[in-house]
Number of protein chains: 2
Amino acid sequence: MTRTQDRKEHWLDGMAQHVLAHGLNNASLRPLAQAVGTSDRMLIYHFGSKEGLIDALLRHLAGGFVAGLEAALPPGRAASLPACLAEVVALLRNPAMAGYARIWLDILSAAAGGEAAHRQAGQDIMAGFALWLEGRLPEDTHDSAATAAALLTLLEGVIVMDSVGQQDMADAAIAVIGQSLSR
Amino acid sequence: MTRTQDRKEHWLDGMAQHVLAHGLNNASLRPLAQAVGTSDRMLIYHFGSKEGLIDALLRHLAGGFVAGLEAALPPGRAASLPACLAEVVALLRNPAMAGYARIWLDILSAAAGGEAAHRQAGQDIMAGFALWLEGRLPEDTHDSAATAAALLTLLEGVIVMDSVGQQDMADAAIAVIGQSLSR
DNA sequence: TCCCGCCTGTAGCGATCGCTACATTTTTAT
DNA sequence: ATAAAAATGTAGCGATCGCTACAGGCGGGA
């Protein structure tokens, strides 16, 4: 039955939209079901349990995020490290990506609380993000894996700073470290 | 009545221990009350509402965290930026501080979800952390505020990486950026 | 046709949530 | 000593949670 598979995929799209707007950790079955025009009864039936549903949804979100990155900024080398940093920061701060920042912190919170599925999803997202970023570094980058890890770690810090309204600190960090790395 | 104030403070200590062990976002009144030997009824009576209780608890946790920093690493200048970075990373990765990493991500998650109290607490914690860090930078640091912001943003990224099991990326970032900043 | 297995709607279970009504005890002020 | 006020225990409300029992609809193979 590809019929039911298609519908599950469609459900996952709709539920992803719902958690992007309303958060992931507080999501409950009935609102999720209503968002995609079905019932909690059906979600449990087709996903086995809420845990199974969240597993599937996390995978869907992880794939969607990395795909969204590649769609927003197609492959191409940046002119310099600060330029690379600036364009990715601008992308992450774009309102279209703001929903992801929110559920990203939900995922981290659950992962820190011991939820294995969230931890795995976070790990996968970071790995995909790192790979994508590595492909955007200037061509003359020496150790591109370590450089991508460095930029990515800094970017995560920027997301954290932004989330509590400390954009100033994030901007200072981008300026200081970007300039330092380009020398 | 300093009597009831003392007890509220004692309650906050106990509840802080409880959320450090069991998480902040999923905490509910009855377990919190049981952890300090009282009832949900009493918590509501003395704090007004759960929101009031969380407000007080967030302030308590923020103060406790910054005080814990100062107790763990008393004021003193680091020999170099990489050394400063290394000692603070070691401190944050210390098991004694691991509970704070967990609820820190809970606070960020709630802040990103629009909870004003959590956002404010996060902002205060970051500001206190930055001030403390600024006092530990090497004496010859030029723009110490910006440098502290840079290290702090990087540290936040390290916490994120660690929380999803990407310590390798965090270590790479520390090495690359630490070395770069010291040049 | 009949039946069987997949799907789905209805209704509700037991647990937990934040919070409150009510009665009572304990403390404080006069 | 007595009245007012503050503090506390008991019990439960209404809402929501994940999940399930039950009954039926609905399709294709015998």
Side-chain angles (χ1 to χ4, degrees), chain A residues 1-12 14-16 18-19 21-60 103 106-107 109-110 113-118 121, chain B residues 1-16 18-19 21-61 103 106-107 109-110 113-118 121:
Chain A
M1 283 307 142
T2 185
R3 209 70 188 147
T4 70
Q5 289 298 344
D6 282 355
R7 188 180 43 177
K8 277 177 77 167
E9 208 62 24
H10 185 253
W11 280 355
L12 287 171
M15 291 190 291
H18 184 264
V19 299
H22 300 91
L24 176 62
N25 286 353
N26 304 339
S28 45
L29 290 176
R30 278 172 251 257
L32 281 173
Q34 192 177 6
V36 298
T38 182
S39 68
D40 56 332
R41 169 72 180 74
M42 287 293 95
L43 294 182
I44 292 287
Y45 179 78
H46 286 281
F47 291 96
S49 64
K50 186 184 181 182
E51 186 184 347
L53 192 161
I54 298 295
D55 276 17
L57 190 48
L58 283 172
R59 263 187 281 272
H60 194 84
I103 66 164
D106 283 345
I107 291 173
S109 163
E115 298 279 345
H118 294 73
Chain B
M1 283 309 138
T2 185
R3 205 74 185 144
T4 72
Q5 289 298 345
D6 282 356
R7 189 180 41 175
K8 277 177 78 167
E9 208 64 24
H10 184 254
W11 280 356
L12 288 171
D13 285 339
M15 291 190 290
H18 185 264
V19 300
H22 300 91
L24 175 62
N25 285 353
N26 304 339
S28 45
L29 290 176
R30 284 169 178 88
L32 281 173
Q34 192 177 6
V36 298
T38 182
S39 67
D40 57 330
R41 169 71 179 76
M42 284 296 94
L43 294 183
I44 292 287
Y45 179 76
H46 286 281
F47 290 96
S49 65
K50 186 184 182 183
E51 186 183 347
L53 192 163
I54 297 295
D55 276 17
L57 191 47
L58 283 173
R59 262 186 281 272
H60 194 85
L61 287 164
I103 67 164
D106 282 346
I107 291 172
S109 162
E115 298 279 344
H118 295 72

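Letters go in sequence order (proteins before strands), and every chain restarts at 1. Predicted model only: the values in this text are computed from it and were never measured.
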Where B:L61 and B:A16 come nearest, the two heavy atoms and their spacing: CD2-CB, 3.8 Å

Could you give the distance from CG (A:L12) to CZ (A:R7), rounded to the nearest 0.5 Å? 12.0 Å

Check each residue of residues 36-52 of chain A for a non-hydrogen atom within less than 4.0 Å of any atom in DNA chain D, then write out the ones that pass by number, or none. A:D40, A:R41, A:I44, A:S49, A:K50

Search all heavy atoms of B:I107 against all heavy atoms of B:H118 and return the closest pair with its distance. CG2-O, 3.5 Å

For the residue pair B:I103 and B:V19, what are the closest heavy atoms and their distance? CG2-O, 3.3 Å

Residues in residues 24-32 of chain B with a heavy atom under 4.0 Å of DNA chain C, by number, are B:A27, B:S28, B:L29, B:R30

Do the ring planes of B:W11 and B:H46 sit parallel (below 30°), tilted (30 to 60°) or perpendicular (above 60°)? perpendicular

Go through it in stages, so that I can follow the logic: the residues are B:E9 and B:H60, the test is side chain to side chain contact (heavy atoms under 4.5 Å, CB included), and I'd like the CA-CA distance, side-chain angles, deciding distance and then a yes or no. CA-CA 9 Å; B:E9 208 64 24; B:H60 194 85; 3.4 Å; yes

Which atom pairs, donor and acceptor, lie under 3.5 Å between side-chain atoms of residues 22-37 of chain A and protein residues at least two apart or in another chain?
residue : atom : partner : partner atom : Å
A:H22   : ND1  : A:H18   : O            : 3.1
A:N25   : ND2  : A:D106  : O            : 3.1
A:R30   : NH1  : A:D40   : OD2          : 3.3

Enter the inter-axis angle for the ends of the helix from C:dT1-D:dA30 to C:dT30-D:dA1 (five pairs per end, rounded to 10°). 10°

By side chain to side chain contact (heavy atoms under 4.5 Å, CB included), which residues pair with B:R59, not counting sequence neighbours? B:D55

Looking only at heavy atoms, which two atoms of A:A121 and A:L58 are closest? And how far apart? CB-CB, 3.9 Å

Partner residues of B:S39 under the side chain to side chain contact (heavy atoms under 4.5 Å, CB included) criterion, sequence neighbours left out: B:R41, B:M42

